[in-house]
Asks: 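Got a structure here, written out as structure tokens. Questions coming.
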Number of protein chains: 2
Amino acid sequence: MDVRTLCLGALYLGEASGYEIKKAFEEGPFSHFQDASFGSIYPALGRLSNEGLVDCTQMAQEKRPDKKVYRLTEKGSLVLIESLMTPPAPDKVTSDFFFLLYFSDLLPPRQTRQLIDKRIAFYQDTIKRMSDCDPSTFPLGQQLCHGLGMTIYKSSLDYLEQHKHAFPGEASSLPPLSNSKTSGRLVS
Amino acid sequence: MDVRTLCLGALYLGEASGYEIKKAFEEGPFSHFQDASFGSIYPALGRLSNEGLVDCTQMAQEKRPDKKVYRLTEKGSLVLIESLMTPPAPDKVTSDFFFLLYFSDLLPPRQTRQLIDKRIAFYQDTIKRMSDCDPSTFPLGQQLCHGLGMTIYKSSLDYLEQHKHAFPGEASSLPPLSNSKTSGRLVS
DNA sequence: CCGTCATATATCGGCTTGATATATGACGGA
DNA sequence: TCCGTCATATATCAAGCCGATATATGACGG
């Protein structure tokens with residue numbers, strides 16, 4: 001999905017400012033499967049406004065800078081639905097964690113263990129934050145997103161907790177793993 | 001990780017051409033957690049070659065166009081390890097599937113069911129392809145990547161198979177779900 | 001008083017992507 | 001036999017995106 005559609009989707013949930021839309025991608029329900037930067041959100045909102053897909057209202061605030069509040073128009077709703085009807089692109093996952101784990105034979109074992117411990121903490125924190133949210137009043141699709149997300153995070157957490165001992169911890173006196181290079185080509 | 005590091009990592013596994021490196025990201029072990037396009041791979045290989053981090057050899061082929069084979073240099077190995085030592089960036093996940101599922105109250109229920117069915121097929125196919133690979137001879141980190149990946153795909157598959165019935169299938173005579181709009185703002 | 005953080009909008013250089021271009025050869029259908 | 005499609009192979013570029021930067025108000029803690 002391009003940033004225009006992401007913004008339309010965010011505004012479908014309720015009127016919001018550019019800053020709030022960014023927060024929705026960083027901390028809100030979308031944070032697990034979409035992202036967008038200020039560098040693309042503000043220009044996209046400008047274009048959407050010019051095309052009549054969103055309305056923009058300037059709002060003064062106390063003790064805070066003024067803000068621009070965007071609201072989806074009827075035309076914008078139709079364009080959002082149209083975008084949802086297009087065939088989905090494949091997922092794109094970029095994970096430094098997996099990349100580092102994959103090449104961890106090049107790293108000191110304690111650094112790999114630290115990497116895994118931090119990942120475990122990340123899963124624990126994410127699961128807690130998602131558990132604090134009760135999705136039973138949400139639309140069905142959102143419930144499935146929540147449930148599938150929880151399943152992914154929980155099974156990942158369980159797996160890492162079961163397998164983290166393969167790498168030595170801080171207090172461990174295990175000898176470092178031997179660094180052996182992988183043989184063979186990339187693609188058979 | 002930037003594309004230079006991705007290429008160095010790919011070449012750490014063995015010499016390869018630009019085309020083969022792209023294949024490694026599309027179909028090889030990295031395909032689950034990294035990607036890069038020709039548009040960035042070829043320029044990156046050029047720069048790496050200029051900087052002496054990789055060597056390049058032109059190879060003629062029968063019944064196929066000539067190819068340039070790249071090989072990691074000692075200097076390149078050191079730069080790769082250096083990059084692996086830097087703190088990892090957070091994962092970035094972009095999923096049209098989750099986005100469409102989230103807004104599925106805007107879609108005809110059968111289209112959502114089709115989306116889920118296709119996702120199930122994707123998981124089944126991915127699990128099969130990963131099962132055909134025996135990771136027991138790999139470095140420990142690669143084994144954990146394989147195992148964690150399998151866990152994620154399997155638990156996702158199980159969850160969707162258990163919950164797909166919430167949406168009507170092709171043969172179902174269930175009435176369409178009511179389209180109710182979500183209330184409230186994005187971020188509490 | 002100053003540095004940091006949150007809130008708020010906005011821009012831009014650099015990087016990446018997806019499309020396009022060119023080329024060889026295999027393969028299947030008309 | 002010809003043509004379209006696919007795989008293999010290198011390469012480039014316009015468009016889009018990101019991360020950094022800029023500016024601003026106010027709270028808060030040292």
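Bear in mind that the values here come from a model prediction, so they are computed numbers and not experimental data.
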Asks: In whole angstroms, how far is the C1' atom of D/dC6 from the CD atom of B/Glu26?
Replies: 14 Å
Asks: Which listed nucleotide (D/dC18, C/dT7, D/dG26) is nearest to the side chain of A/Lys23?
Replies: C/dT7
Asks: Quick one: is A/Lys92 getting a side-chain N or O under 4.0 Å of the C/dG18 phosphate, OP1 or OP2?
Replies: yes
Asks: Would you kindly give the CD1-to-C1' distance between B/Ile41 and D/dT12, to the nearest whole Å?
Replies: 14 Å
Asks: Could you tell me whether B/Gly39 contacts a base, only the sugar-phosphate backbone, or nothing, with contacts defined as non-hydrogen atoms closer than 4.0 Å?
Replies: base
Asks: Check for me whether the distance between the ring centres of A/Phe33 and B/Phe97 falls short of 6.0 Å.
Replies: no
Asks: State the CG-CG distance between A/Leu107 and A/Leu115, to the nearest 0.5 angstrom.
Replies: 8.0 Å
Asks: If pairing requires Watson-Crick or G-U wobble contacts with both distances under 3.5 Å, which nucleotide is the partner of C/dT24?
Replies: D/dA7
Asks: Report the distance from atom CD1 of B/Ile152 to atom CG of B/Leu157, rounding to the nearest 0.5 Å.
Replies: 13.5 Å
Asks: Taking the side chain as C-beta and beyond, is there a heavy-atom pair between B/Thr57 and B/Arg71 under 4.5 Å?
Replies: no
Asks: Taking the six-membered ring for Trp, are A/Phe103 and A/Phe99 ring centroids under 6.0 Å apart?
Replies: yes
Asks: Starting at the 5' end of DNA chain C and moving along, which residue's nearest nucleotide shows up first, A/Ser40 or A/Asp66?
Replies: A/Asp66
Asks: Rounded to whole Å, please give me the gap between CZ in B/Arg4 and P in C/dG14.
Replies: 16 Å
Asks: Between C1' on C/dT7 and CD on A/Glu27, what's the gap in Å once rounded to a whole number?
Replies: 12 Å
Asks: Base, sugar-phosphate alone, or nothing: which one does A/Lys22 contact when heavy atoms must sit under 4.0 Å apart?
Replies: nothing
Asks: OP1 or OP2 of D/dA9 less than 4.0 angstrom from a side-chain nitrogen or oxygen of B/Gln61, does that happen here?
Replies: yes
Asks: What is the distance, to the nearest angstrom, from the CG atom on A/Leu48 to the P atom on D/dG16?
Replies: 13 Å
Asks: Check every atom of C/dG25, C/dA6, D/dC17 against the side chain of B/Lys63 and return the nucleotide holding the closest atom.
Replies: C/dG25
Asks: With both distances kept under 3.5 Å, what pairs with C/dT11, Watson-Crick or G-U wobble?
Replies: D/dA20
Asks: State which of D/dA11, C/dT16, D/dC17 makes the closest approach to the side chain of B/Phe38.
Replies: D/dA11
Asks: Does A/Glu62 or A/Ser37 map to a spot on DNA chain D nearer the 5' end, using the closest nucleotide for each?
Replies: A/Ser37
Asks: Taking only the side-chain heavy atoms of B/Tyr42 (C-beta and beyond), determine which of D/dT10, C/dT11, D/dC18 contains the nearest atom.
Replies: D/dT10
Asks: Counting side-chain heavy atoms from C-beta on, which of C/dA10, C/dA8, D/dA11 comes nearest to A/Lys67?
Replies: C/dA8
Asks: Of all the nucleotides listed (C/dT7, C/dT9, D/dC18), which has the minimum atom distance to the side chain of A/Arg64?
Replies: C/dT7
Asks: Will you find, in the side chains of A/Thr5 and A/Asp2, an N or O donor that is under 3.5 Å from an N or O acceptor?
Replies: yes
Asks: Using a cut-off of less than 4.0 Å, is there contact between a side-chain N or O of A/Tyr19 and OP1 or OP2 of C/dT7?
Replies: yes
Asks: Just the rounded figure in Å: distance from P of C/dT7 to CD1 of A/Ile21.
Replies: 15 Å
Asks: Which nucleotide, D/dT8, C/dT9, C/dT17, lies nearest any side-chain atom of B/Pro65?
Replies: D/dT8
